[in-house]
Amino acid sequence: MASGPHVLLVEDDQTIGDVLSTSLTEQGYQLRWVKDGAAALAAADQYPVDLALIDLGLPDLDGVEVCRRIRHRSPETILVILTARTAEMDVVVGLEAGADDYLTKPVRLAELLARVRAHLRRNNQAGASHLLTVGDLRIDTAGRRVSIKGQLVSLRAREFDLLARLSREPDVALSREVLMAEVWDEHWYGSTKTLDVHVAAVRRRLAGYPDARVPVITTLRGHGYRLELPADRVTR
C-alpha cells in the first residue's frame, strides 16, 4: 500500500487519467483520481492533499475556478495545472488563481513526474531551525513562517520558497535562471512567466506595512531580481 504524499488528480480524460494514475501510484504516491470540479473540491475538503494536478477543461467547473477555490481553502497545497491551453494569458490567469506550476499537454511523463517530485521535495525539506532576517521581515525556514513585526504573513508554498531564496542573499542580484532552477526545478522546461507572477504576488503580500522596514523586490531588466531594503540597510 502506498504511504507517500497524497496526490489529487483532477482529469476527465480517461486515457490520460489511466496513464497518470498508474504512474503516480507506481511512484508510491497515495492517489485520488476525480473527473470533475465538484468532485475535486469535495475531495480537497475530505482528504489530505499535498499536491493536486488539475486539468483546466473539466466538464462542470473550469479548472481555474477549481484551482482558486482549493487555494483559498488550503493555502499549503501545491497546485499544478495540466492543460492543453498554451496562450500566455491562460498561463497568467492560472498562476494568479493560485497555481504553483503550469504544464501544457502533451507533456512528457518523465518531466511531469520529475516536476511533482521537485515540488514535494521542496515542501518537505527538513532541517535545523533557521531564521532569516531582512529589516523587520522574519522568515523561519524550518517552520515555514513569515512575519513582519510579529504579524504573520500568509504565503503560498512557492511564494514562501521564492522569498526565502531572495532573503538568503539580500542585496545580491539573482538571475531568472538561478531563481527558476532553485525555487522550481533544476531542469525547468517551461516559460519563466511563472516567476514574474509569483514575484508580483510576494510584493502584494509584503505591502501594507508602512511603519515597518520591509524589503522590496527590485526588478533587474534583462537579468532577474534583487531583494533589498529601500534605504539599502540590510540586517541579517
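Atoms considered below: every heavy atom in the structure, side chains included; atoms not considered: hydrogens, waters and symmetry mates.
- The hydrophobic clustering, which links ILVMFWY residues whose side-chain heavy atoms are closer than 4.5 Å, places V7 and V34 apart.
- L31 contributes atom CG, which lies 10.0 Å from atom OG of S23 (distance to the nearest 0.5 angstrom).
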- prompt: Are Y47 and Q30 close enough, and set up right, to give a side-chain contact (heavy atoms from CB on, under 4.5 Å), and what steps lead you there?
  reply: CA-CA 11 Å; Y47 306 99; Q30 300 185 62; over 6 Å; no
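- With a 4.5 Å cut-off on side-chain heavy atoms, Y209 and L137 do not count as touching.
- With no hydrogens or angles considered, a side-chain donor-acceptor pair links D101 and H119 at under 3.5 Å.
- Minimum heavy-atom separation, P59 to D36: CG-CB, 3.9 Å.
- When every heavy atom of S147 is checked against every heavy atom of G150, the shortest pair comes out as CB-C, 4.2 Å.
- Across every non-hydrogen atom of C67 and G94, the tightest pair is SG-O, 4.4 Å.
- Counting only heavy atoms from C-beta outward, the side chains of L163 and L206 approach each other to under 4.5 Å.
- Salt-bridge formation is not detected for the pair K35/D60: no Lys NZ or Arg NE/NH1/NH2 atom is positioned less than 4.0 Å from an Asp or Glu carboxylate oxygen.
- Both M89 and Y102 sit in one connected hydrophobic cluster of ILVMFWY residues. Membership requires side-chain heavy atoms under 4.5 Å apart, directly or through other members.
- No donor-acceptor distance shorter than 3.5 angstrom exists from the side chain of T22 to the backbone of V19, with no hydrogens or angles considered.
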field: Stepwise side-chain contact (heavy atoms from CB on, under 4.5 Å) test for L61 and R69
entry: CA-CA 11 Å; L61 294 173; R69 294 189 192 183; 3.9 Å; yes
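- Between F160 and I139, some side-chain heavy-atom pair lies under the 4.5 Å cut-off.
- If you take CG on L24 and CG on L8, they are separated by 11.0 Å, rounding to the nearest 0.5 Å.
- None of I81, L82, V66 except one satisfies the side-chain contact (heavy atoms from CB on, under 4.5 Å) rule with L56; the exception is I81.
- Here the CD-CD distance, from E182 to E177, works out to 12.0 Å after rounding to the nearest 0.5 Å.
- Scanning all heavy atoms of the two residues, the minimum distance from D140 to G143 falls at OD1-N, 3.1 Å.
- A continuous path of hydrophobic side-chain contacts links V172 to V134 [ILVMFWY only; heavy atoms under 4.5 Å].
- Taking CG of L132 as the reference point, atom CD of E169 lies at 11.0 Å (rounded to 0.5 Å).
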message: Is there a side-chain contact (heavy atoms from CB on, under 4.5 Å) between L103 and E111? Walk through the geometry before answering.
response: CA-CA 10 Å; L103 295 174; E111 178 189 345; 4.0 Å; yes
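- Interatomic distance, CG of L166 versus CZ of R168, reported as 10.0 Å (0.5 Å rounding).
- For D45, the salt bridge (Lys or Arg N to Asp or Glu O under 4.0 Å) criterion is met by R73, not counting sequence neighbours.
- Residues M180 and T194 are in side-chain contact: their nearest non-hydrogen atoms beyond the backbone lie under 4.5 Å apart.
- At distances below 3.5 Å, at least one donor-acceptor pair connects side-chain atoms of R71 with backbone N or O atoms of T77.
- I54 and L9 fall into different hydrophobic clusters, defined by Ile, Leu, Val, Met, Phe, Trp and Tyr side-chain heavy atoms under 4.5 Å apart, directly or through other members.
- Under the side-chain contact (heavy atoms from CB on, under 4.5 Å) test applied with I78, the options D100, D50, V49 reduce to a single match, D100.
- Under 4.0 Å is where a charged nitrogen must lie from a carboxylate oxygen, and between D62 and R85 at least one such pair does.
- Put simply, the side chain of W33 does not reach to within 4.5 Å of the side chain of L20, judged on heavy atoms.
- When atom types are taken as modelled, the side chain of R156 and the backbone of G98 share a donor-acceptor pair closer than 3.5 angstrom.
- For R144 (side chain) and A157 (main-chain N/O), a donor-acceptor pair under 3.5 Å exists by modelled atom type.
- Rounding to the nearest 0.5 angstrom, the gap separating the CG atom in L155 from the NE2 atom in H198 is 10.5 Å.
- Of all non-hydrogen atoms in T83 and D55, the two that sit nearest each other are CA-OD1, 3.9 Å.
- A salt bridge links E11 to K105: one of the charged nitrogens lies within less than 4.0 Å of a carboxylate oxygen.
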message: Is there a side-chain contact (heavy atoms from CB on, under 4.5 Å) between L51 and Y29? Walk through the geometry before answering.
response: CA-CA 10 Å; L51 181 145; Y29 301 123; over 6 Å; no
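- Of all non-hydrogen atoms in D12 and G57, the two that sit nearest each other are OD1-O, 3.4 Å.
- Residues Y225 and T219 are in side-chain contact: their nearest non-hydrogen atoms beyond the backbone lie under 4.5 Å apart.
- Under the 4.5 Å side-chain heavy-atom criterion for Ile, Leu, Val, Met, Phe, Trp and Tyr, L109 and V80 are members of the same hydrophobic cluster.
- R203 meets the salt bridge (Lys or Arg N to Asp or Glu O under 4.0 Å) test with no other residue; sequence neighbours excluded.
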